[in-house]
Amino acid sequence: MHRYRTHTCNDLRTADAGAEVRLSGWCHRIRDHGGVLFIDLRDHYGITQCVVDPDSPAFACAEKLRSEWVVKIDGTVRKRPAGTENPEMPTGLVEVYVRDIEVLGPAAELPLPVFGEQQYPEDMRLKYRFLDLRREKLHANILLRGRIVDSLRARMKAQGFCEFQTPILTASSPEGARDFLVPSRLHPGKFYALPQAPQQFKQLIMAAGFDRYFQIAPCFRDEDARADRSPGEFYQLDIEMSFVTQEDVFAAVEPVLRGVFEEFGGGRPVTPSFPRIPYAEALLKYGSDKPDLRNPLVIVDVTEEFSRDDVTFNAFKNIIKTGGVVRAIPASGAGAQPRSFFDKLNNWAKGEGAPGLGYVVFETTDGKLAGKSPIAKFLPAAAQQAIAAKANVGAGDAVFFVCDQEGKAARLAGAARLKIGNELGLSRSDVFQFCWIVDFPMYEWNEEEGKIDFSHNPFSMPNYGHDAFLALDPADKATILSLKAFQYDVVCNGVELSSGAIRNHRPDIMKKAFALAGYSEDDLEKRFGGLYRAFHYGAPPHGGIAPGIDRIVMLLAGEENLREVVLFPMNQRAEDPLMGAPSPVTPKQLRELHIRLNLPEPKA
RNA sequence: GGGGGAGUAGCUCAGCUGGUUAGAGCGCCGGCCUGUCACGCCGGAGGCCGCGGGUUCAAGUCCCGUCUCUCCCGCCA
């Protein structure tokens, strides 16, 4: 007989009745009835009920067992007595009558129960992550993650992509996020950086002629955390392809994402063909570049309607005069809501930093559509009807208004759209709604520095004729700021899964692109020397994308927080309370690295 | 760097307009119980009410500061 087990805790069935077996696992739950004692023995695979009574030589030992002790149990499989079967459990028709127990690993009193679904504080969960990971939901999430990664790999390979490993110790890149630095022992005063993404490597792989690259790539960024953004490190399905247009990238990636979401989505429908939404349209209609399309509400611009001469609502008119816009969020069916609904939304908007949310409730009076609201008296019937027509609402619906400068108005309208949709229960929760966001602006105006900047990443190819781009006058701000890039995002249920782009592979266009943002060729060589050099020796047109693994798993597991799908996550302050990272190092280690600490004064 | 929320038993939480000895459930310890599967019943231990200061006859409760966790903004090419 094997030293530890003949079966797992999910193996035994009625057909095994009579067998002498050996199981090992954790005491999940113990029910002591005095004369008879039940141990739910749990391992990775499942749970099997073990029974001890005073006739068993193991009875005395069994009475001493406590939750989460690891034990080896020898016994006989038997059918449970009639009426005591548990159909909820795969092993629920049988039990093991215990003859011998060996304690393999006793457990101290638990700071965090494994049994049950209760919520526990994050710091406790992280400090005792090994206990938390024993719990059913988290254990299942981590396994799901593994299966998703397997599936992504298989789907990529089936399309002819080859997996590569790129360096972890590399050079600091001055663009983008803050780097994690690693001091060099051999080169005093110099540092490696952990890659923020294998961006330049994958482009170099294309320049090296490998054609189709992918990697489940670790990425490191020293930026603050969010619920959907790990501090420090995360994984992405990094993809790059040669001789492709934007459409080719979509055609390669869309079936991978759709396939994985169909495979692991538990039957929830997945967008059959991802719609393409231009960036500007997304900001107008959804108030966000990551629209949640499960929410059916569509924002419209009603600046024109509020500018009419017969409208006397000066609170908005004055903002419009300074370049502001008015956005309307239709609220289907909100007419039936009590006054408190509108007050609640108004208070919410104030919490978001807005003066409030104007609204009109539409009803039919004398066969005509009429608005009721605190601001209705400023809006003559004709203006109300024009707004209702534009927002596509009728009697029984309401419309909310926000008025501000365009960017702020769009953002608030977008947040209000989500809030209203949730309050009214309009969003479907059991679907995966994907879309591509396309036509991102190539440049944006940097208000602080008063200059033109790259709006996303400097590697994207402008969506503009090459010759025309090379001929652009740097003083022609209007044209430059109106340029689009071959840059795209893929979004699912309001979660940005990925950014990608067709890359700028031509050194002349790259030089021009940097020049328009105020960078010299010298800057370009300093920052991206390796890549820039590669582009001088025959680089193929190429492009790619990099969907975040953690977010994909989050969506599929139905989790709101990334820590629920990461084995050993850090807390919001980028600490690992289990391993004690980050930690001080010895003076000897610092000496070898030629580092002397210059710490801030401790607060008094 | 900024804003919101939270911090009371090992864990989850209650504790009203300040007022005797700070409670419950789970867990733990002891006792009882031969068919439970969130077993049940009886008893017990366990509290710097995050920390420091203030107001008050009296503070878990009010005020100020501070620390910690968390969510958000900034940031994340």
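Just so it is clear, the structure is predicted and the values come from calculations on it, not from any experiment. All values below were derived from every heavy atom in this structure, side-chain atoms included, with hydrogens, water molecules and symmetry-related copies excluded. Just so it is clear: chains get the letters A, B, ... in the order the sequence lines come, proteins before strands, and each one is counted from 1.
- Atom name C1', nucleotides B:rG23 and B:rG60: the rounded distance is 12 Å, in whole Å.
- If you check every strand for non-hydrogen atoms under 4.0 Å, A:Asp55 touches nothing.
- Rounded to an integer number of Å, the gap from CG of A:Leu126 to P of B:rU68 is 16 Å.
- Per the geometry, CD belonging to A:Gln196 stands 10 Å off P belonging to B:rC76, to the nearest Å.
- Put simply, the residue from A:Ser499, A:Pro198, A:Pro218 that forms a side chain to side chain contact (heavy atoms under 4.5 Å, CB included) with A:Gln236 is A:Pro198.
- For an aromatic pair to be called close, the ring centres must be under 6.0 Å apart, and A:Phe440 with A:Tyr279 satisfies this.
- For the P atoms, the distance linking B:rU66 with B:rG3 amounts to 11 Å, nearest Å.
- Taking only distance into account, the side chain of A:Glu95 meets the base of B:rG35 through a donor-acceptor pair shorter than 3.5 Å.
- Distance noted for atom P between B:rG27 and B:rC71: 29 Å (whole Å).
- Following rounding to the nearest Å, A:Glu564 (CD) and B:rU70 (C1') show an atom-to-atom distance of 13 Å.
- Looking at A:Ile502, A:Ile239, A:Val490 one by one, the single match for side chain to side chain contact (heavy atoms under 4.5 Å, CB included) with A:Val249 turns out to be A:Ile502.
- Which of B:rC71, B:rG10, B:rU34 sits closest to the side chain of A:Glu109 comes down to B:rG10.
- Using a 4.0 Å cut-off between a side-chain N of Lys or Arg and a carboxylate O of Asp or Glu, A:Arg226 and A:Asp228 do not qualify as a salt bridge.
- Nucleotide B:rG1 is matched to B:rC73 when pairs are restricted to Watson-Crick or G-U wobble geometry with both distances under 3.5 angstrom.
- Spacing of C1' atoms, B:rC39 relative to B:rU34, comes out at 13 Å, to the nearest Å.
- When both pairing distances are held under 3.5 Å, B:rA14 makes no Watson-Crick or G-U pair with any nucleotide shown.
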Protein-nucleotides 29-31 of chain B N/O pairs under 3.5 Å:
| unit_1 | atom_1 | unit_2 | atom_2 | d |
| --- | --- | --- | --- | --- |
| B:rC29 | OP1 | A:Arg66 | NE | 2.9 |
| B:rC29 | OP2 | A:Arg66 | NE | 2.9 |

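- Across the P atoms, B:rA9 and B:rG46 are found 15 Å apart, a figure rounded to whole Å.
- Residue A:Arg563 is classed as a sugar-phosphate contact, given heavy-atom separations below 4.0 Å to backbone atoms only.
- The residues A:Lys511 and A:Glu521 are annotated as salt-bridged, a charged nitrogen and a carboxylate oxygen being separated by less than 4.0 angstrom.
- With respect to A:Lys526 and A:Asp523, no salt bridge is recorded, no charged nitrogen being found less than 4.0 Å from a carboxylate O.
- One atom, CD of A:Gln572, and another, P of B:rC71, lie 5 Å apart when rounded to the nearest Å.
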Evaluate the salt bridge (Lys or Arg N to Asp or Glu O under 4.0 Å) criterion for residues A:Glu496 and A:Arg229: first the C-alpha distance (whole Å), next the side-chain angles of each, then the deciding distance (0.1 Å), finally the verdict.
CA-CA 11 Å; A:Glu496 182 192 323; A:Arg229 200 170 79 204; over 6 Å; no
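- In summary, the side chains of A:Asp11 and A:Thr8 do present a donor paired with an acceptor at a separation below 3.5 Å, with no hydrogens or angles considered.
- Searching all strands for a Watson-Crick or G-U wobble partner of B:rG40 with both distances below 3.5 Å returns B:rC32.
- Along RNA chain B, the nucleotide nearest A:Asp224 and the nucleotide nearest A:Leu112 are compared for position; the residue whose nucleotide lies closer to the 5' end is A:Leu112.
- Residue A:Leu110 contributes atom CG, which lies 12 Å from atom C1' of B:rC26 at whole-angstrom precision.
- Using Watson-Crick or G-U wobble geometry with both donor-acceptor distances under 3.5 Å, B:rU66 finds its partner in B:rG50.
- Atom P of B:rU8 sits at a distance of 9 Å from the matching atom of B:rC13, rounded to the whole Å.
- Straight-line distance from the CG atom of A:Asp576 to the P atom of B:rC69: 13 Å, rounded to whole Å.
- Under the 6.0 Å cut-off for aromatic ring centres, A:Tyr443 and A:Phe454 qualify, their centroids lying closer than that.
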Protein N or O to nucleotides 39-41 of chain B N or O, pairs below 3.5 Å:
| unit_1 | atom_1 | unit_2 | atom_2 | d |
| --- | --- | --- | --- | --- |
| B:rC39 | OP1 | A:Arg29 | NE | 2.8 |
| B:rC39 | OP1 | A:Arg29 | NH2 | 3.0 |
| B:rC39 | OP2 | A:Arg29 | NE | 3.4 |
| B:rC39 | OP2 | A:Arg31 | NH1 | 3.3 |
| B:rC39 | N3 | A:His33 | ND1 | 3.3 |
| B:rC39 | N3 | A:His33 | NE2 | 3.4 |
| B:rC39 | N4 | A:Asp32 | O | 2.4 |

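- Of the charged side-chain nitrogens involved, at least one lies within less than 4.0 Å of a carboxylate oxygen, so that A:Asp453 and A:Lys451 count as a salt-bridged pair.
- The six-membered or imidazole ring of A:Phe164 lies away from that of A:Phe201, with a centre-to-centre distance of 6.0 Å or more.
- Under the 6.0 Å cut-off for aromatic ring centres, A:Phe528 and A:Phe535 do not qualify, their centroids lying 6.0 Å or more apart.
- Spacing between B:rG15 and B:rU55 at atom P, rounded to whole Å, works out to 28 Å.
- Annotation: of the two residues near RNA chain B, A:Glu223 and A:Met124, the 5′-most nearest-nucleotide partner is A:Met124.
- In this structure, of B:rU34, B:rC69, B:rC71, it is B:rC69 that holds the atom nearest to the side chain of A:Asp123.
- Straight-line distance between the P atoms of B:rG54 and B:rC69: roughly 28 Å, to the nearest whole Å.
- Residues A:Thr76 and A:Arg99 have side chains that bring a donor and an acceptor to within less than 3.5 angstrom of each other.
- In this structure, A:Lys408 atom NZ and B:rC73 atom P are separated by 15 Å, rounded to whole Å.
- In this structure, the CZ atom of A:Arg411 is 10 Å from the P atom of B:rC73, given to the nearest Å.
- Proximity of A:Arg226 to the phosphate of B:rC71: no side-chain N or O atom is located under 4.0 Å from OP1 or OP2.
- Interface residues of residues 69-93 of chain A facing RNA chain B, ordered by number: A:Arg78, A:Arg80, A:Pro81, A:Thr84, A:Glu85, A:Asn86, A:Met89; criterion, heavy-atom separation under 4.0 Å.
- Looking only at side-chain heavy atoms (C-beta outward), A:Arg221 and A:Gln196 come within less than 4.5 Å of each other.
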